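Here's a structure for you.
All values below come from the heavy atoms of this structure, side chains included, with hydrogens, waters and symmetry mates left out. Fair warning: this is a prediction, and the values are worked out from it, not measured in the lab. Numbers restart at 1 for each chain; the letters A, B, ... are given by sequence-line order, proteins then strands.
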Amino acid sequence: MPELPEVETIRRDLLPHLPGRRVETVRVLRASVLECSPRRLRAALTGAVIRDVRRHGKVLILDLDSSLSLLVHLRMTGQLLLGAGVADPRFLRVVLQLSGGLRLLYADCRALGRLELCGSSDLACSRALGRFGPDALDEEGLAALLAAARRRRTPIKCLLLDQSVLAGIGNIYASEILHVARIAPDRPADALTRAELNRLRRATRNVLSAAIEARGTTFSDFRTGTGEPGRYGAQLRVYGREGERCLRRGCRGTIVRLVQQQRSTFFCPDCV
DNA sequence: GATAATGTTCGATC
DNA sequence: AGATCGAACATTAT
């Protein structure tokens, strides 16, 4: 569910509250969301102190003082929430009781998300994160996108979604970025002109930054770390707007939906 | 009941 | 190697 801006929003909500807290108890209500056994998770987390909250792409990273880190992939419907009473109790999967009476909840309706332990040395972490390319908001990630685009024939939308090229862009922002960059989603990546690649780089940075400022997009399930919806939905220009009028000034086009890699893509044929 | 949903991954196939 | 496709995971909402 959450893409880079949503995970960054959660990170910013958690950061003022988690570092310095000790994990007192670990309650696992659905073991299938763990990459390890519940017993191993309890052993690793109980008594550990949270040092930092980081993010890479769509992955949230809780660094512990024990030279371990807890990686959280929210996938489609995962939520990481601070404090009780904010999650639908039916979908609670893991509860961490922290010092000072604070609770960190992992809720996930579809239970596709995953919690994973890894060594927090750079080496161990980068191995656990090895399937991902550089973060989409880093200069390195933007450079990786342009480099991959020059040598691959795959449709540009598919390249934006490829987490091994750059990490963090999902189905909503891929459509939004291409619309802002005025590039048709089915264009072969290696056919993009230099001018189009420049627009793509700018659009990626601008759309992701604006979405973070608005605290993410709540299309259906996303909640921030404090349980509120994000506000970027009001700024979406194409996603979910099939059949509606294009919002670009002076454009009379209608948004169409096509399917790429079994997922919906939205764009305005008159803008590209 | 069919369909689609902000994601990832694995296997088959070309 | 690169690319595509389908299925799987699991559950709700329309």
What I want to find out is whether A:D63 reaches A:R51 closely enough, with some N-O distance under 4.0 Å, to be called a salt bridge.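 No, this pair does not count.
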
Set of residues satisfying side chain to side chain contact (heavy atoms under 4.5 Å, CB included) with respect to A:P185, sequence neighbours excluded: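 Applying side chain to side chain contact (heavy atoms under 4.5 Å, CB included) to A:P185 gives A:K157, A:L178, A:L258, A:Q260, A:T265, A:F267.
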
Can you name the ring pair (Phe, Tyr, Trp, His ring centres under 6.0 Å) partners of A:Y239, sequence neighbours left out?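 Partners of A:Y239 by the ring pair (Phe, Tyr, Trp, His ring centres under 6.0 Å) criterion, ordered by chain and then number, come out as A:F219, A:F266.
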
For DNA chain B, which consecutive runs of 3 or more Watson-Crick or G-U pairs (each distance under 3.5 Å) count as stems?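 Stems (3+ consecutive pairs) listed as B:2-5 with C:11-14, B:7-14 with C:2-9.
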
Using atom names, set out every protein N or O paired with an N or O of nucleotides 10-14 of chain C below 3.5 Å, distance rounded to 0.1 Å.
unit_1: C:dA10; atom_1: O4'; unit_2: A:R110; atom_2: O; d: 2.9
unit_1: C:dA10; atom_1: N1; unit_2: A:R110; atom_2: NE; d: 3.2
unit_1: C:dA10; atom_1: N1; unit_2: A:R110; atom_2: NH2; d: 2.4
unit_1: C:dA10; atom_1: N3; unit_2: A:R110; atom_2: NE; d: 2.9
unit_1: C:dT11; atom_1: OP1; unit_2: A:R30; atom_2: NH1; d: 3.2
unit_1: C:dT11; atom_1: OP1; unit_2: A:R30; atom_2: NH2; d: 2.4

Salt bridge or not between A:D135 and A:R55? Use side-chain N to carboxylate O under 4.0 Å.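 Between A:R55 and A:D135 there is a salt bridge, with a charged N closer than 4.0 Å to a carboxylate O.
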
With sequence neighbours left out, what residues match A:R12 under side chain to side chain contact (heavy atoms under 4.5 Å, CB included)?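 Here the qualifying residues are A:E8, A:I212.
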
Spacing of the P atoms in B:dA2 and C:dA7 (rounded, Å):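 It comes out at 15 Å once rounded to the nearest Å.
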
Between B:dC10 and C:dA10, how far is it from one P atom to the other, in whole Å?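 Each nucleotide's P atom is 16 Å from the other's.
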
May I ask you to decide whether A:E139 forms a salt bridge with A:R201, counting only side-chain N to carboxylate O separations under 4.0 Å?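 Salt bridge flag = yes for A:R201 with A:E139.
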
What N/O pairs connect the protein and nucleotides 1-5 of chain C at under 3.5 Å? Give each pair on its own line.
unit_1: C:dA3; atom_1: OP1; unit_2: A:R153; atom_2: N; d: 3.0
unit_1: C:dA3; atom_1: OP1; unit_2: A:T154; atom_2: N; d: 3.4
unit_1: C:dA3; atom_1: OP2; unit_2: A:R152; atom_2: NE; d: 2.6
unit_1: C:dA3; atom_1: OP2; unit_2: A:R152; atom_2: NH2; d: 2.8
unit_1: C:dT4; atom_1: OP2; unit_2: A:T154; atom_2: OG1; d: 3.1

Say we look at B:dT3 and C:dG6: how far apart would their P atoms be, to the nearest angstrom?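 Pairwise P distance, B:dT3 against C:dG6, rounds to 14 Å.
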
How would you list, by chain and number, every residue that makes a side chain to side chain contact (heavy atoms under 4.5 Å, CB included) with A:A136, sequence neighbours excluded?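 Partners of A:A136 by the side chain to side chain contact (heavy atoms under 4.5 Å, CB included) criterion, ordered by chain and then number, come out as A:L4, A:L166, A:I169, A:L208.
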
Would you mind building the protein contact string for nucleotides 8-13 of chain B? One character per nucleotide, 5' to 3', B for base within reach (heavy atoms under 4.0 Å), S for sugar-phosphate only, - for untouched. SS----

Between A:R21 and A:L104, does a side chain to side chain contact (heavy atoms under 4.5 Å, CB included) hold up when you go through it step by step? CA-CA 11 Å; A:R21 303 255 183 193; A:L104 183 62; over 6 Å; no

If you measure from the Lys or Arg side-chain nitrogens to the Asp or Glu carboxylate oxygens, is any gap between A:R110 and A:D221 under 4.0 Å?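 Looking at A:R110 and A:D221, the cut-off is not met.
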
Under the ring pair (Phe, Tyr, Trp, His ring centres under 6.0 Å) definition, can you give me all pairs with a residue in residues 141-167 of chain A, not counting sequence neighbours?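 Counting only pairs at least two positions apart or across chains, no ring pair (Phe, Tyr, Trp, His ring centres under 6.0 Å) contact touches residues 141-167 of chain A.
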
According to side chain to side chain contact (heavy atoms under 4.5 Å, CB included), who are the partners of A:V26, at least two apart in sequence or on a separate chain?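 For A:V26, the residues satisfying side chain to side chain contact (heavy atoms under 4.5 Å, CB included) (neighbours in sequence not counted) are A:V23, A:V28, A:L41, A:R42, A:L45, A:T46, A:L96.
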
Rounded to the Å, how far apart are A:Q79 CD and B:dG7 C1'?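 Between C1' of B:dG7 and CD of A:Q79: 15 Å.
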
Whole-Å distance between B:dA5 P and A:Q260 CD?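 From A:Q260 CD to B:dA5 P: 13 Å.
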
Rounded distance in Å - CD (A:E242) to P (B:dA4):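 Roughly 11 Å, once rounded to whole Å.
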
Atom CD of A:E35 and atom P of C:dC9: how far apart are they, to the nearest Å?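 Going from A:E35 (CD) to C:dC9 (P), I get 15 Å.
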
Round to a whole Å and report the spacing from CG of A:L74 to P of B:dG7.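 Taking atom P of B:dG7 as the reference, CG of A:L74 is at 11 Å.
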
Please tabulate, for side-chain N and O atoms in residues 225-236 of chain A, each donor-acceptor pair with protein atoms closer than 3.5 Å (sequence neighbours left out).
unit_1: A:T226; atom_1: OG1; unit_2: A:T224; atom_2: OG1; d: 3.1
unit_1: A:T226; atom_1: OG1; unit_2: A:E228; atom_2: OE2; d: 2.3
unit_1: A:R231; atom_1: NH2; unit_2: A:E213; atom_2: O; d: 3.3

Sequence neighbours left out, what passes salt bridge (charged side-chain N to carboxylate O under 4.0 Å, His left out) with A:E24? Give chain and number order.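 Partners of A:E24 under the salt bridge (charged side-chain N to carboxylate O under 4.0 Å, His left out) test: none.
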
